[in-house]
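Scroll down for the structure; my scribbles are underneath it.
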There are 2 protein chains.
Amino acid sequence: MEELLSRARSIAGRTLGELAERQHISVPPDQRRAKGWAGQLLEAILGATAKSRADMDFEAIGVELKTLPVNHRGLPAESTYVCVVPLTNLEELTWETSWVRKKLSHVLWVPVQASKDVPLAQRRVGTALLWSPDPDHEAVLRADWTELTDLIRLGEVDTITAHLGEYLQIRPKAADSHARRAGVDEEGHIVPTLPRGFYLRALFTREILGRYYTTLR
Amino acid sequence: MEELLSRARSIAGRTLGELAERQHISVPPDQRRAKGWAGQLLEAILGATAKSRADMDFEAIGVELKTLPVNHRGLPAESTYVCVVPLTNLEELTWETSWVRKKLSHVLWVPVQASKDVPLAQRRVGTALLWSPDPDHEAVLRADWTELTDLIRLGEVDTITAHLGEYLQIRPKAADSHARRAGVDEEGHIVPTLPRGFYLRALFTREILGRYYTTLR
DNA sequence: ATGGATCCACCTATGGATCCCT
DNA sequence: AGGGATCCATAGGTGGATCCAT
């Protein structure tokens, strides 16, 4: 785990262009048609296993890799996707067994410049941070997760908006708004539903980074 | 349904090469690296919907299209794949609700020459046959399906061999023998298992074709 | 600023079956 | 001869996320 952090920190200050060249990967003109590009580049650089499987990035040590797009002041500008929202078979599901908790138990945050006025190839990687939620954070995450999951259990998935949840929110996660996945309605019937994902609000990841940098000083 | 049969019969006597040209599809040298080629060609020619989805080929009318590889005497030489074998969540499953019964309720059999000594492009399509199992056939299929499914329910999937079943057998259906899918063992635990499929024995499809041609005379 | 919408890559499961060794 | 092994195409789901209109 410490070795992973060292490797992640060894690329602090490098540009995405330099790292892409190292991997013989070409840099797209922008991220409009390659939204996951930076994340996948860093997976390749840091040697993440479990490519696109429903598993942790660094399986052996149970660490999830997340790039964190930061603005010119070094603060997260976007929410962070966590995992898909289960819409059926929720009977046995608890916070303790949830994917959200598992994915967030150990995260390697790698800040990456994301200001639109800097060309993609010239954006720099920041100093990585190995993080686990402290008890206060976990209590809020658990409360958010429970509130949202209970709504889904009640068949009210289509009433959920991104306004709900303090740290954790639910937003669409699909090719487009016409995509459909099995869900459950208020009568318990299986109905087609927009696929959704759990996301961490930017204010939460700002707090994570903020606490860390404060500690450093 | 009759219209489909007419279309299928209108290509009787044509070679696979002619039909491939009509679809602007190239003919592979042999079927070693394109085992499903003839079946997919006929789907294209006959306008099957539901390409590679878990659904009937001709959804609207509930008809399954099956090419039937026949030897130089016009008799089926190979078994016919029906569908994957469900290995978990068998509680609610009955013959009446099974995929096997659904897929076999209406089949458009299209015989295709399969003698290895005739080049693929020169093999001819035979006279198509729209078939539903008669009560005797269905009784045997049901008995086979029930016997095999009960073994899986008991967690004895790994004891199943292709020797079991009079008309319907279970054989591997996978990329190779290392492939694994969730199954259930004798203690009810989920264990990795070789994926399998239901197949109709060649002797059964021989009987289907034989009865039909006898009726014609 | 952010909620809702969208985009690519990759893997897996299914559907099309035949191959090939014993 | 036929049981066990294998091969390709395609659709769909998940994982990587950012875009963009308001």
Side-chain angles (χ1 to χ4, degrees), chain A residues 28 30-44 48 50-57 64-69 71 77-84 99 103 112 114 116 160-164 169-181 194-197 199 201-203, chain B residues 28 30-44 48 50-57 64-69 77-84 99 103 112 114 116 160-164 169-179 181 194-197 199 201-203:
Chain A
D30 56 54
Q31 293 189 108
R32 271 182 303 184
R33 303 236 148 223
K35 299 184 180 180
W37 183 80
Q40 284 157 357
L41 172 61
L42 283 164
E43 281 186 344
K51 313 260 301 177
S52 292
R53 286 192 290 105
D55 222 323
M56 310 293 289
D57 289 316
E64 177 79 11
L65 170 64
K66 288 290 177 196
T67 57
L68 202 48
N71 63 21
E78 284 272 3
S79 59
T80 299
Y81 170 69
V82 181
C83 59
V84 298
W99 274 100
K103 291 247 186 177
V112 176
K116 288 261 183 40
I160 293 177
T161 78
H163 298 279
L164 299 175
Q169 63 180 173
I170 285 181
R171 299 221 309 285
K173 177 73 167 85
D176 58 53
S177 60
H178 305 302
R180 287 295 179 267
R181 187 82 71 264
L194 181 64
R196 294 148 206 268
Y199 294 79
R201 291 182 183 279
L203 71 85
Chain B
D30 55 56
Q31 295 189 108
R32 273 181 303 184
R33 305 235 147 224
K35 298 183 181 180
W37 182 80
Q40 284 158 357
L41 171 62
L42 284 163
E43 281 186 345
K51 314 261 300 178
S52 292
R53 287 193 287 106
D55 221 323
M56 311 292 291
D57 288 316
E64 177 79 11
L65 170 64
K66 286 290 176 195
T67 56
L68 202 47
E78 283 273 4
S79 58
T80 300
Y81 170 69
V82 181
C83 60
V84 300
W99 274 101
K103 291 249 186 175
V112 175
K116 288 265 187 32
I160 293 178
T161 78
H163 298 280
L164 299 175
Q169 63 181 176
I170 286 181
R171 299 221 309 285
K173 178 74 166 82
D176 58 51
S177 59
H178 304 303
R181 186 84 67 263
L194 181 65
R196 295 147 206 269
Y199 294 79
R201 289 181 183 279
L203 72 84

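Residue numbering restarts at 1 for every chain, and letters A, B, ... go by the order of the sequence lines.
Note: CG (A/Asp30) to P (D/dA17) measures 17 Å, nearest angstrom. Between B/Leu41 atom CG and C/dT18 atom C1' the separation is 16 Å, expressed in whole Å. Rounded to whole Å, the distance from NZ on B/Lys35 to C1' on D/dT10 is 18 Å. As a whole-Å value, the separation of A/Arg181 CZ from D/dA11 P is 16 Å. When the P atom of D/dT10 is taken as reference, atom CD of B/Gln40 falls 7 Å away, rounded to whole Å. Computed from coordinates, the A/Arg180 CZ to D/dG13 P distance equals 13 Å when rounded to whole Å. C/dG4 atom C1' lies 10 Å from atom CD of A/Gln169, rounded to whole Å. Summarising the geometry, the separation between CZ on B/Arg196 and C1' on C/dA17 is reported as 19 Å, rounded to the nearest angstrom.
Summarising the geometry of A/Leu194 relative to A/Ser177, their closest heavy-atom pair is CD1-O, 3.8 Å, with the distance given to 0.1 Å.
Projected onto DNA chain D by closest heavy-atom contact, B/His178 and B/Ala77 fall at different nucleotides, the more 5' of which corresponds to B/Ala77.
Remark: B/Arg32 CZ is loosely packed, at most 12 non-hydrogen atoms of other residues, nucleotides or ligands lying under 6.0 Å away.
Below the 3.5 angstrom threshold, one finds a donor paired with an acceptor across the side chain of A/Lys173 and the base of D/dG15.
Within the 4.0 angstrom heavy-atom criterion, only backbone atoms of the sugar-phosphate kind lie near A/Arg33; the bases stay farther away. Using a 4.0 Å heavy-atom distance criterion, B/Ala174 is classed as a base contact. Within 4.0 Å of A/Pro69, counting heavy atoms only, lie sugar-phosphate atoms of the nucleic acid but no base atom. Residue contacts shown for B/Gly36 include a base, since a base heavy atom lies under 4.0 Å away.
In the set D/dG4, D/dT6, C/dA5, D/dG4 carries the atom at the smallest distance from any side-chain atom of B/Ala162. For B/Val84, the side-chain atoms get nearest to C/dT14 when compared with the rest of C/dT14, D/dT6, D/dT18. Looking at the side chain of B/Tyr199, the nearest of the listed nucleotides D/dG16, D/dA5, D/dG3 is D/dA5. Comparing D/dC7, C/dT18, D/dA17 by their nearest atom to the side chain of A/Thr67 picks out D/dA17. Nearest to the side chain of A/Tyr81, among D/dG3, D/dG15, C/dG16, sits D/dG15.
The closest donor-acceptor contact from the side chain of A/Gln169 to the backbone of A/Ala162 lies under 3.5 Å.
Not one side-chain nitrogen or oxygen of B/Thr80 sits closer than 4.0 Å to the OP1 or OP2 atom of C/dA17.
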Dot-bracket line, read 5' to 3' along DNA chain D, where crossing pairs take [ ] and | marks a partner on another strand, Watson-Crick or G-U under 3.5 Å: ||||||||||||||||||||||
Please list, for nucleotides 20-22 of chain C, all pairs of protein and nucleotide N/O atoms separated by less than 3.5 Å.
none

